Amino acid sequence: FNSVVVKTAPVSASDGPMALGGAIEITSKSLDRITSLNDPTFLNTNLSYGSANDSFGAAATYARRMDEKVLFVGFGSYRASDDYSDGNGNEVPLSALDSLSAYGKIQYDPSGRHRFDVSVQFSENNGLLPYGAGDFPPEFFLDRYAQGRAGGGPVEQTLQELSVSARYAGSAESDPRAVLFYSDSNLTNEETNAIFSQIRYGGRVSKRLGTQIGLASADFLIGIDSRLERTKAEFNPETTSRFEGDDASNDSVTVGVFSDTTLELGRFDFRAGLRVDYIDFEFGSRSFDSIETSPSLRANFELLPGLQVFGGYGVSYRSTNTLPANRANRFAPSTVFPSADLETEKALQKSIGARFAKKNILGSNSHLTASVERFNIDLSNAIIFAEGRPGAPFAEIRNSSGDFTSRGVSASLRLSGDRYSTSLAYGHVELDDPDGHPVSTIRNIAAARGDRIRWDTQYQLLNNLKFGYTLT
């Protein structure tokens, strides 16, 4: 990747309706610029080792330009790890994993003005803790952790995911862009043959417009996107005893229109976004729908050459992926729903920070960047699935009476040159329930609380050989 940016808060309207805790923006390398008709083949290999869990990994990327119009890109990776060890050398029971992933893309550019590509990705994870097809309730992990500490055998889990996407992009930044996607993830309990799955599909179309208004330049992005999701639970009655209930599925759909406006005037730039979403989601035999409006604002100001301060405010809603897949079957006639409609989960996001960039600070072609940011996310209307005992049908479905709060700070420092780069990053996150008590996660809405330090360094030893290490 060229860059991976974690947007803690707030995100723009164009990032979609699911970004309650922020978003991750990944920019991949442009392999069509690396290959040419004179040098049509690109190959990159990577070997890695992790000391915390004795993990070994291998990965390879291959690109081949067939002719001036067609480019093929392939990627494959494999990683295997033992149980994680904590700071005192104690192993975390049942945390060993192995994972395999493969990716292929064909890009077609018939005229230099219009580009089409189709990509397929497959991944498989084996072990206790593969995330993806929904996430597990806390008692699931506590139960399995207790088995491990007592010497009980692990329950094998396998997560498989297949994703397909088709994209169109014009050669100019202002040209229309479109994408269609489909993904199918299945989490299988190998002991009981219970299968928890999520199918997602949707699309997005956008158009960018730019203009000059006096001394200011303005950029407008408008678009529409949709996302449909089906959560399913399927059981083998001969082997499934832990989970109660029959095969079940629940559907949800979100359709939204969005706009993003960026205005640049000298040392000041301002970004304003707006989303309007129609949201319909289903729990058991009950359906709920709403129309939500999500504004977002972000501003940057250059105080001194290379030094910027920034701040932002945003609102996000979500319905899809609200229900973990392994709970899809746990609705019963006795399940109590609110007399009125359930409210859609809502996040209020605020952030403030500063960044600094300086070139040639330690010689020619060196580059120093530093940033610090503080964020706060208040989650209201969190949907609570109350249960009498683990695995039993839900006793009640309701919105939380107060707000969950996630707040934290992140800081990073990066220095790079012609043949090296090193970066140091720190993050601190706190997550509290409506009563002010600390919690680890809210399903897959927020990250675990605590501190994290990461030091990453890479050296270009030879023209075709790079060495690096990461300490966390």
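Throughout, numbering of the chain's residues begins at 1 and tracks the sequence. If you're wondering where the values come from, they're calculated on a predicted model, not measured in any experiment. Worth knowing before you read on, the calculation uses all heavy atoms, side chains too, and leaves out hydrogens, waters and symmetry mates.
Neither side chain, Ser99 nor Arg79, offers a donor N or O lying under 3.5 Å from an acceptor on the other. At a cut-off of 3.5 Å, with distance as the only test, no side-chain donor of Ser294 or Ser316 sits close to an acceptor on the other residue. Using modelled atom types, one finds a donor on one side chain and an acceptor on the other under 3.5 Å when comparing Asn126 with Asp98. A donor and an acceptor atom, one from each side chain of Thr231 and Asn250, are nowhere located under 3.5 Å apart.
Within a 6.0 Å radius of OH in Tyr459, no more than 12 heavy atoms belonging to other residues, nucleotides or ligands are found. Crowding of Arg419 atom CZ: a count of heavy atoms from other residues, nucleotides or ligands under 6.0 Å exceeding 12. Remark: Tyr278 OH is packed, more than 12 non-hydrogen atoms of other residues, nucleotides or ligands lying under 6.0 Å away. Within a 6.0 Å radius of CG in Asp435, more than 12 heavy atoms belonging to other residues, nucleotides or ligands are found.
Arg115 places a side-chain heavy atom less than 4.5 Å from the side chain of Gln107. Arg454 places a side-chain heavy atom less than 4.5 Å from the side chain of Asp456. With a 4.5 Å cut-off on side-chain heavy atoms, Val164 and Phe181 do not count as touching. Proximity of Phe75 to Ser101: side-chain heavy atoms (C-beta onward) are separated by under 4.5 Å at one or more points. You'll find the side chain of Phe42 stays beyond 4.5 Å of the side chain of Val73, heavy atoms only. Put simply, the side chain of Lys346 reaches to within 4.5 Å of the side chain of Val315, judged on heavy atoms. Side-chain atoms of Gln458 and Gln460, non-hydrogen and from C-beta on, never get closer than 4.5 Å to each other. For the pair Leu209/Asp219, no side-chain contact is recorded, criterion being any heavy-atom separation below 4.5 Å from C-beta on.
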_Pair Glu373, Ile352 - check side-chain contact (heavy atoms from CB on, under 4.5 Å), show working._
CA-CA 6 Å; Glu373 181 177 13; Ile352 188 171; over 6 Å; no
*Could you give me the CA-CA distance, side-chain angles and deciding distance for Asp432 and Thr405, then say whether side chain to side chain donor-acceptor pair (under 3.5 Å) is met?*
CA-CA 5 Å; Asp432 298 331; Thr405 301; over 6 Å; no
*For the pair Asp184 and Lys232, evaluate salt bridge (charged side-chain N to carboxylate O under 4.0 Å, His left out) and give the outcome as yes or no after the intermediate values.*
CA-CA 11 Å; Asp184 185 355; Lys232 299 190 298 180; over 6 Å; no
_Working note: Gln198 + Arg230, criterion side-chain contact (heavy atoms from CB on, under 4.5 Å); need CA distance, chi angles, decisive distance, verdict._
CA-CA 6 Å; Gln198 285 181 324; Arg230 167 163 286 190; over 6 Å; no
*Start with the C-alpha gap between Glu345 and Ile383, add the side-chain angles, then the distance that decides, and say whether side-chain contact (heavy atoms from CB on, under 4.5 Å) holds.*
CA-CA 7 Å; Glu345 293 183 328; Ile383 295 177; 3.7 Å; yes
*Show your working on side-chain contact (heavy atoms from CB on, under 4.5 Å) between Ser351 and Arg298 and close with a plain yes or no.*
CA-CA 9 Å; Ser351 72; Arg298 195 167 184 90; 3.4 Å; yes
_side chain to side chain donor-acceptor pair (under 3.5 Å) for Trp455 and Thr422? Distances and angles first, verdict last._
CA-CA 7 Å; Trp455 182 22; Thr422 183; 2.8 Å; yes
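Asp403 places no side-chain N or O within 3.5 Å of a backbone atom of Pro434 that could act as its donor or acceptor partner. Of the possible polar contacts, one joining the Glu302 side chain to the Gly306 backbone as a donor-acceptor pair under 3.5 Å is found. A donor-acceptor distance shorter than 3.5 angstrom exists from the side chain of Ser366 to the backbone of Ile361, with no hydrogens or angles considered. Of the possible polar contacts, one joining the Asn360 side chain to the Asn365 backbone as a donor-acceptor pair under 3.5 Å is found. Looking only at distances, a side-chain donor or acceptor of Ser400 sits under 3.5 Å from a matching main-chain atom of Ala382. Looking at Asp289, its side chain never comes within 3.5 Å of a backbone N or O of Asp280 through a donor-acceptor pair.
Leu424 and Ile453 get closest at one heavy-atom pair: CD1-CG2, 4.1 Å. Contact record, Tyr313 with Leu348: CE1-CD1, 3.2 Å, taken as the closest heavy-atom pair. Closest non-hydrogen pair, Phe310 versus Ala354, comes out as CE2-N, 3.4 Å. When all heavy atoms are compared, the tightest approach of Phe375 to Val429 is CZ-CG2, 4.2 Å. Between Phe356 and Pro305, the shortest heavy-atom distance links the atoms CE1-O, 4.3 Å. Annotation for Arg167 and Ser165: closest pair NE-OG, 4.2 Å, computed over non-hydrogen atoms.
Taking Leu47 as the reference, Ala58 meet the side chain to side chain contact (heavy atoms under 4.5 Å, CB included) condition, with sequence neighbours excluded. Scored by the ring-ring contact (aromatic ring centres under 6.0 Å, His included) test, Tyr78 finds no partners at all (sequence neighbours excluded). In this structure Arg398 satisfies the salt bridge (Lys or Arg N to Asp or Glu O under 4.0 Å) test together with Glu396, sequence neighbours excluded. Taking Phe288 as the reference, Phe281 meet the ring-ring contact (aromatic ring centres under 6.0 Å, His included) condition, with sequence neighbours excluded. Every residue meeting the ring-ring contact (aromatic ring centres under 6.0 Å, His included) condition with Phe56, not counting sequence neighbours, appears here in chain and number order: Tyr49. By the side chain to side chain contact (heavy atoms under 4.5 Å, CB included) test, Gln160 pairs with Phe122, Glu124, Thr158, sequence neighbours left out.
Atom-to-atom distance recorded for Leu307:CG and Leu303:CG is 5.0 Å, nearest 0.5 angstrom. Note that CD1 of Ile397 and CG of Leu342 are 7.5 Å apart. Values are rounded to the nearest 0.5 Å. The distance from the OG atom of Ser416 to the NZ atom of Lys359 is 10.5 Å, given to the nearest 0.5 Å. To the nearest 0.5 Å, atoms CG (Leu162) and OG (Ser123) are separated by 9.0 Å. To the nearest 0.5 Å, the span separating CG on Leu368 from CG on Leu413 amounts to 5.5 Å. For the atom pair Asn125 CG and Ser185 OG, the distance stands at 11.0 Å (nearest 0.5 Å).
A side-chain contact (heavy atoms from CB on, under 4.5 Å) with Phe220 holds for exactly one of Leu263, Thr261, Asp260; it is Thr261. Arg355 pairs with exactly one of Thr369, Asn300, Val309 by the side-chain contact (heavy atoms from CB on, under 4.5 Å) rule, that one being Asn300.
The aromatic rings of His428 and Tyr426 lie parallel to each other, their planes meeting at an angle below 30°, with 60° marking the opposite boundary.
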